Visitor: 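Questions regarding the structure given below will be posed in turn.
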Amino acid sequence: MALIEKFFDVNHTGLNFFDKMFTDVQRMEQEMEMMRRQMFQLLPHDPFGGTLDAEIEPRVPIVQERGETKLKLEFNVKDFRPEEVKVKILGSNILQVRAEHETKSDAGDTTRRLFVRQYSLPKGVDVDNIRPSLTKDGVLTIEAHAPTLSPTERLIPIEYKGDDHAAATAAQS
């Protein structure tokens, strides 16, 4: 009798098994939607349920090189042919790098390799003049002017110690 009471709310508690299950499924869908938004927007996670999109620094590297402030991203796509690598702007400020390779074996098996990265570009990046370049070693570099932004990274010099460095320094002199 307890099972029937649980399923059909014979005690009139307001929630039967199906109502509770429906409520749980709705809550899971809301949580999954929140995770999906966070994942695709590339925003940090707020442990209290929201996204931390107010006043965050851009998550893409803005660098200063030869007096120019610019966005600079590098990707290892050596396992893909140049024609398999695509760079796109989605909407007005989402940069997408996508590479796809498919091979078929003699036995009829298909292997598919996929590489996808998406970045939400900060305001101030000149999205109309993005310059992708690919080296023969498979390094894809994407650059774009960002004159109004401050660099988000800087190079910290490494101090070398030991005999190998002293010999190399002496040889260069």
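Everything quoted here is computed from the prediction, not taken from an experiment.
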Visitor: Could you give the distance from NZ (Lys123) to CG (Asn93), rounded to the nearest 0.5 Å?
Guide: 8.5 Å

Visitor: Which atom names give the shortest non-hydrogen contact between Gly124 and Pro147, and what distance separates them?
Guide: O-CD, 4.0 Å

Visitor: Under the criterion side chain to side chain contact (heavy atoms under 4.5 Å, CB included), I'd like the reasoning laid out for Leu95 against Leu73: C-alpha separation, chi angles, the key distance, then a yes or no.
Guide: CA-CA 11 Å; Leu95 175 73; Leu73 297 164; 3.5 Å; yes

Visitor: Please enumerate all residues that pass side-chain contact (heavy atoms from CB on, under 4.5 Å) together with Asp137, with sequence neighbours excluded.
Guide: Thr135

Visitor: Does the plane of the ring in Phe75 sit parallel, tilted or perpendicular to the ring in Phe115? Use 30° and 60° as the thresholds.
Guide: perpendicular

Visitor: Taking only residues two or more places apart in sequence or in another chain, which ones pass side-chain contact (heavy atoms from CB on, under 4.5 Å) with Pro132?
Guide: Val87, Ile130, Leu140, Ile142

Visitor: Taking all heavy atoms of Pro61 and all of Lys72, pick out the closest pair and write down the distance.
Guide: CG-O, 3.0 Å

Visitor: Which pairs pass salt bridge (Lys or Arg N to Asp or Glu O under 4.0 Å) with one or both residues in residues 76-98, sequence neighbours excluded?
Guide: Arg81-Glu83, Arg81-Glu84, Arg98-Glu100

Visitor: For Thr148, enumerate each residue passing the side-chain contact (heavy atoms from CB on, under 4.5 Å) test, keeping only those at least two apart in sequence or located in another chain.
Guide: none

Visitor: Side chains of Glu68 and Glu143: closer than 4.5 Å at any heavy-atom pair?
Guide: no

Visitor: Enter the distance from Met28:CE to Asp24:CG here, rounded to the nearest 0.5 Å.
Guide: 6.5 Å

Visitor: For His145, run the side chain to side chain contact (heavy atoms under 4.5 Å, CB included) check against Thr69, Asp126, Asp128, Leu71 and tell me which one passes.
Guide: Asp126

Visitor: Testing Thr110, Thr111, Asp109 one by one against Lys104 for a side chain to side chain contact (heavy atoms under 4.5 Å, CB included), which residue passes?
Guide: Thr110

Visitor: Quick one: list whatever passes salt bridge (Lys or Arg N to Asp or Glu O under 4.0 Å) with Glu29, sequence neighbours left out.
Guide: none

Visitor: If every non-hydrogen atom of Ala144 is compared with every non-hydrogen atom of Val125, which pair is closest and at what distance?
Guide: CB-CG1, 3.8 Å

Visitor: Who else is in the cluster with Val116 when I, L, V, M, F, W and Y are joined by side-chain contacts under 4.5 Å?
Guide: Leu114

Visitor: Would Val139 end up clustered with Phe80 when hydrophobic side chains under 4.5 Å apart are linked, directly or stepwise?
Guide: no

